[in-house]
Amino acid sequence: MLLKVKTLIKEKLLKHYQFPVLVEEPKREEADLAIPLFNLARQTEIKITTLAEEIKALLSEEELISEVYFLKGFLNLNLNKKLYAKAVLKEVVTLKEDYGSVKEKKGVVVIDFSSPNIAKNFSVGHLRSTVIGASLARLYQKRGYEVIKINHLGDWGTQFGKMIVAYLKWGDETSLKTNPIDYLQNLYVKFHEESNDSLEEEARFVFKELEKGNKKYLALWQQFKQLSLLSFQEIYELLKVSFDYYHGESFYQDKTAEIVLKLNEKGLTKKDDGALIVDLEKENLGVSLIERSDGATLYMTRDLAALFYRFKTFNFSKILYVVGNEQKLHFKQLEAITRLMGYDFEIIHVNFGLILKDGKKMTTRGGNVVKLKAVIDEAIEIAEAVIEEKNPHLKNKEEVARSVALSAIIFNDLKQDRNLDIEFDLEEMLSFEGLTGPYLQYSSVRMASLLKAQTLTGKIAYELFEDELYFKLIKEVSVFNELLEKSLEADAPYLISRYLLNLAALFNRFYSSHKIIVNEEIVKNTNLTLTFVVRTVLNEGLKLLNMTVLDEM
Ligand code: ARG
């Protein structure tokens, strides 16, 4: 809504001056909007005082602007609080959960996220990718895009040669079925411990055979994959995340030859010690390996094939890869290669930092095995204990604990700039106070309990919005659309998180300084309508982060 007012003013001024005029939201909130006049005076060669008078006259018939005054080089504008509140309340009450949605079609966005490697534990890095990707998927959908969610499973590559060799040498089916992922991961570790030239040679041979379609090896690989997917599924169900396609790397096996051919045709490849590479030294991006000397393809080859396949199949306007910072070079290379091939795909590497535990990298390798499922279970236990203490008579305690725990983990991830590393402290993220998921859920629950048992009558005392806190809440609600657009442009769910924390804090301040359920009917109804509107926005925001909205907790 604030954007609408801004646009309206800008259009008016553009028409008058034939010149784009800046309209800002002043940081220090001394006014609702402000027009910096110095530059404008220089550009139009009109005196500042004259400009101020002219603009004031131009805006005099704008109902939504109540006050225009000159101060320290700026023309400050204040909104007509009553009319503005009326417009905002009406919009949210009418649209409800559609508030913030864009109806017109905006094109297709492919989001490649989560993408764990089969036969390995789902790592905390994959958790970050899943959480960020799922949130972006919801955000793009809300803003009018058609979203294609792809899980680019790491299910192909020379490591499966090793895995198969190790399994055939040391493995057995019973142990595999009991605890598939740990078992396979251990076999893989053993392979490296016992590693020697002949073992490596054998693994390379087996992978080549696999690529040629050897039935026995394929069947084993298939079994590893199935078992892995079953365990990944548990995590996706807890997080309530789904994909449109599980097209892993293996899906592109038969599509890499064409890519190699294209690269050759364009003269982009050269031989290096028997292998095929694309030299990106000119771009300062090193070299990219496309084919090993034995003809086996690589991660990059399959990513190139995937990219072209996706473009042909979905005709996307934008493609997002939600992958950690450590693959920055890979995605720069991917982008550079396709550019050299003559394409200009909008490739966005939605990168992110590490998850730290006590300041150290949390990994699933190197002895420090942290199994995600165990961590989640622990979070659920903590949440159960908190609920048991705070609200022992709550119905569906288990279900509530589960959604509180998962939302806490999600929010801990999305509450700050994704580029940064995040600390993984279960106690802290599960606290009901502070910058946490449960704090937001609890704020929504508090609003729900106010709204329970009351029906909104529609009668509003608009003069109440002259009050500072009332109006702050309305203004915050009114910038939701702009906020979502900014988050989308920067692929930054944390902007939504920050906004929600602020909204909840404002509401809680309002709640502690104003009595909401009062005797006077119209005041009560105004308070509750404001509560309803704030809750609608808060809940919409929570849903965009893929968190669960609760009515009780
Ligand atoms: N499986 C990879 C990993 O765990 C991530 C894949 C990301 N997607 C992609 N198209 N490269 O590191």
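Indexing begins at 1, ligand by ligand and atom by atom, following the structure's order.
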Apply the test side chain to side chain donor-acceptor pair (under 3.5 Å) to residues Arg204 and Thr158: give CA-CA distance (whole Å), side-chain angles for both, the deciding distance (0.1 Å), then the verdict. CA-CA 6 Å; Arg204 267 198 297 276; Thr158 40; over 6 Å; no

For Phe113, which part has a heavy atom under 4.0 Å from ligand 1: side chain, backbone, both, or neither? neither

Among all protein non-hydrogen atoms, which one is nearest to atom 1 (N) of ligand 1, and what is the separation to 0.1 Å? Asn117 OD1, 2.7 Å

Taking the side chain as everything from C-beta on, heavy atoms only, tell me whether Tyr236 gets closer than 4.5 Å to Ser242. no

Who's the nearest protein heavy-atom neighbour of atom 9 (C) of ligand 1, and how far? His152 CD2, 3.4 Å

Rounded to the nearest 0.5 Å, how far apart are CG of Leu426 and OG of Ser431? 12.5 Å

Test your reading of the structure: does Asp303 have an N or O sitting under 3.5 Å from an N or O of ligand 1? yes

Subset of ligand 1 atoms that lie under 4.0 Å from at least one heavy atom of Asp112: 7 (C), 8 (N), 9 (C), 10 (N)

Is there a donor-acceptor pair under 3.5 Å between the side chain of Asp421 and the backbone N or O of Leu356? no

One thing to verify: whether Arg310 and Asp112 come together as a salt bridge, which I'm taking to mean a side-chain N less than 4.0 angstrom from a carboxylate O. yes

Numbered atoms and elements of ligand 1 in range of Phe331, under 4.0 angstrom, heavy atoms: 11 (N)

Of the protein's non-hydrogen atoms, which lies at the shortest distance from atom 4 (O) of ligand 1, and what is that distance? His126 NE2, 2.7 Å

So if I count the atoms of ligand 1 from 1 in the order they appear, which ones are less than 4.0 Å from some heavy atom of Tyr321? 10 (N)

Looking at Tyr245, Tyr246, Tyr252, Phe113, which one forms a ring-ring contact (aromatic ring centres under 6.0 Å, His included) with His152? Tyr252

Parallel under 30°, tilted from 30 to 60°, perpendicular over 60°: which one fits the rings of Tyr309 and His247? perpendicular

In the protein, what heavy atom is nearest to atom 6 (C) of ligand 1, and what distance, to one decimal place, separates them? Tyr299 OH, 3.3 Å

Quick one: nearest non-hydrogen protein atom to atom 12 (O) of ligand 1, plus distance? Gln327 NE2, 2.8 Å

May I have the step-by-step check of side chain to side chain contact (heavy atoms under 4.5 Å, CB included) for Glu146 and Lys105, ending in yes or no? CA-CA 8 Å; Glu146 186 191 334; Lys105 298 239 180 298; over 6 Å; no

Asp172 and Lys177: CA distance, side-chain angles, deciding distance, salt bridge (Lys or Arg N to Asp or Glu O under 4.0 Å) verdict: CA-CA 9 Å; Asp172 68 89; Lys177 293 232 161 105; over 6 Å; no

For His330 and ligand 1, does the shortest N/O to N/O distance drop below 3.5 Å? no

Quick one: does Ser115 get an N or O within less than 3.5 Å of an N or O on ligand 1? yes

Distance under 4.0 Å to a non-hydrogen atom of Val323: what atoms of ligand 1 satisfy this? 7 (C)

